[in-house]
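Structure first, commentary second.
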Amino acid sequence: MQLVLATSNKGKIREIAQLCDSFEVVAFNDLVDLGEIVEDGDTFAANAMIKARTVYDALNDPDAIVLSDDSGISVEALDNAPGIYSARYAGKGATDKDNLNKLVEALKAKGLTESPAFYTAAISIVCREGEYTVHGWMHGKVIDTPRGDGGFGYDPMFIPQGYDQTLGELDGEIKKRISHRSKALGLAKVVLATIRKARH
Ligand SMILES: O=c1nc[nH]c2c1ncn2[C@H]1C[C@H](O)[C@@H](COP(=O)(O)OP(=O)(O)OP(=O)(O)O)O1
Ligand SMILES: [Mg+2]
């Protein structure tokens with residue numbers, strides 16, 4: 001069964017494809033040309049649903065199953081910023097490196113070397129059977145000295161609870177087990193199994 005991913009983020013596509021390996025996963029950009037989807041919701045869930053609905057409507061295919069992800073990092077010492085603005089923390093068109101460096105600077109500006117932090121993932125599914133949104137969280141801390149180049153986004157500065165290495169250093173198999181995205185996808189796969197059953 002095909003699963004259309006309503007994301008342009010290569011790190012997410014890689015992780016979702018690995019975690020949803022019983023589906024034929026395809027990125028929406030390979031099917032339709034929508035340009036940048038405007039994420040003007042005020043929560044992760046709202047933005048995830050915007051992305052999934054936009055792609056579902058553009059595909060105009062009653063059999064389509066679209067899955068989106070809106071996610072980000074919230075830092076306690078920064079009143080849970082950047083949150084839903086994680087992708088553009090360093091401004092429109094910011095790279096992962098720009099955003100990470102801005103977060104390091106924000107910690108230093110507070111005279112901090114670390115702070116508790118957590119990732120949120122909201123995953124939405126839109127198909128003819130209905131619209132669904134599930135969440136996953138991963139708690140830990142951010143540090144001001146990024147280490148490792150694994151993962152993507154803010155991973156080199158995030159140390160998950162129970163570990164002493166960053167997600168940039170840890171084996172990707174660990175992130176697959178504990179991340180906000182894998183937890184949310186664990187719930188999303190229950191929805192997908194129900195859809196698959198209803199269609200056969
Ligand atoms: O596991 C993660 N490890 C590190 N960083 C992460 C992770 N998960 C989300 N993030 C960061 C990256 C980006 O700065 C923002 C997502 O923003 P978000 O709008 O959901 O994604 P995006 O714009 O990169 O692609 P898209 O909207 O097409 O899904 O949070
Ligand atoms: Mg985005």
Side-chain angles (χ1 to χ4, degrees), residues 4-19 25-55 58 66-75 78 80-104 106 117-125 133 135-143 146-160 163 166-170 172-185 188:
V4 179
L5 300 189
T7 180
S8 313
N9 184 305
K10 300 236 178 311
K12 291 184 185 181
I13 292 170
R14 184 181 63 248
E15 291 185 3
I16 295 170
Q18 285 171 356
L19 288 159
V25 166
V26 59
F28 82 99
N29 284 320
D30 294 342
L31 300 172
V32 284
D33 180 6
L34 285 179
E36 177 93 12
I37 299 174
V38 174
E39 301 171 40
D40 54 3
D42 52 13
T43 63
F44 289 111
N47 283 324
M49 191 51 79
I50 286 169
K51 290 187 264 192
R53 277 191 187 129
T54 302
V55 171
V66 178
L67 183 143
S68 66
D69 164 317
D70 198 60
S71 41
I73 193 163
S74 302
V75 178
L78 304 175
N80 285 342
I84 61 169
Y85 304 106
S86 294
R88 47 192 191 273
Y89 187 40
K92 198 160 167 35
T95 64
D96 280 353
K97 194 105 183 99
D98 299 336
N99 288 328
L100 180 139
N101 289 337
K102 175 160 169 113
L103 189 51
V104 166
F118 62 92
Y119 279 119
T120 302
I123 290 197
S124 289
I125 294 170
T133 299
H135 287 82
W137 291 270
M138 173 168 52
H139 288 266
K141 65 180 180 181
V142 286
I143 57 172
R147 302 194 301 255
D149 51 13
F152 68 96
Y154 298 90
D155 286 344
M157 68 185 293
F158 183 84
I159 297 178
Y163 292 86
T166 71
L167 285 175
E169 296 169 304
L170 287 167
E173 286 307 308
I174 294 175
K175 184 179 178 185
K176 267 171 82 175
R177 279 203 312 274
I178 65 170
S179 83
H180 50 312
R181 185 162 297 107
S182 63
K183 289 170 192 161
L185 280 171

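When a ligand or atom number is given, it counts from 1 through the structure's own listing order.
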Protein contact to atom 12 (C) of ligand 1 [nearest heavy atom, distance to 0.1 Å]
F152 CE1, 4.2 Å
Taking side chain as C-beta onward, heavy atoms only, is K102 less than 4.5 Å from P82?
no
For ligand 1, which atoms have a heavy atom of G72 less than 4.0 angstrom away?
30 (O)
Do S8 and N29 come within less than 4.5 Å of each other through their side chains, counting heavy atoms only?
yes
Starting from atom 9 (C) of ligand 1, which protein heavy atom do you reach first, and at what distance in Å?
S71 OG, 3.2 Å
Side chains of I50 and D70, heavy atoms from C-beta outward: is any pair under 4.5 Å?
no
So which heavy atom in the protein is nearest atom 5 (N) of ligand 1, and how far is it from that ligand atom?
Y154 N, 3.2 Å
Where ligand 1 meets G153 - atom numbers and elements under 4.0 angstrom, heavy-atom basis:
4 (C), 5 (N)
Which atom of N99 lies closest to which atom of A87, heavy atoms considered:
ND2-O, 3.1 Å
Quick one: are Y89 and I73 in side-chain contact, heavy atoms under 4.5 Å?
no
Taking all atoms of both residues into account, what is the closest heavy-atom pair of D96 and G153, and its distance?
OD2-N, 2.9 Å
Ignoring angles and geometry beyond distance, decide whether N9 reaches within less than 3.5 Å of ligand 1 through its nitrogen or oxygen atoms.
yes
Enumerate the atoms of ligand 1 whose separation from the nearest heavy atom of D70 is less than 4.0 angstrom.
18 (P), 19 (O), 20 (O)
Pick whichever of M138, E15, K175 has a heavy atom sitting closest to atom 1 (O) of ligand 1.
K175
Only residue of T166, L167, D155 satisfying side-chain contact (heavy atoms from CB on, under 4.5 Å) with R147 is T166
Which residue and heavy atom of the protein sit nearest atom 19 (O) of ligand 1, plus the separation:
E39 OE1, 3.1 Å
Starting from atom 8 (N) of ligand 1, what is the nearest protein heavy atom, named by residue and atom, and what distance separates them?
R181 NH2, 2.8 Å
Atom 18 (P) of ligand 1 has as its nearest protein heavy atom K12 NZ, 3.5 Å
Show which atoms of ligand 1 fall inside a sub-4.0 Å distance from at least one heavy-atom site of H180.
1 (O), 2 (C), 7 (C), 8 (N)
Write out the residue and atom name of the closest protein heavy atom to atom 26 (P) of ligand 1, then the distance separating them to 0.1 Å.
T7 OG1, 3.4 Å
Assess S8 for proximity to ligand 1: is some non-hydrogen atom of it under 4.0 Å away?
yes
Using the ring centroid of each side chain, check whether H139 and W137 are separated by less than 6.0 Å.
no
Smallest separation among heavy atoms of I125 and A188, with atom names:
CD1-O, 3.7 Å
Identify, for atom 13 (C) of ligand 1, the protein heavy atom at the shortest distance, and state residue, atom and that distance.
A87 CA, 3.9 Å
Provide the number and element of each atom of ligand 1 under 4.0 Å from a heavy atom of K51.
18 (P), 19 (O), 20 (O), 26 (P), 27 (O), 29 (O)
Of F152, F44, F158, the residue whose pairing with Y119 passes ring-ring contact (aromatic ring centres under 6.0 Å, His included)
F158
N, O or S of E39 under 2.8 Å from the Mg ion (ligand 2):
yes
Between the candidates D155, N29, L103, which shows the shortest non-hydrogen contact distance to atom 3 (N) of ligand 1?
D155
Is the closest heavy-atom distance from I73 to ligand 1 below 4.0 Å?
no
Please give me the minimum heavy-atom distance between V75 and V142, naming the atom from each residue.
CG1-CG2, 3.9 Å
Going by heavy atoms in the side chains, are R14 and K10 under 4.5 Å from each other?
no
Show the atoms of ligand 1 that are less than 4.0 angstrom away from any heavy atom in D69.
20 (O), 29 (O)
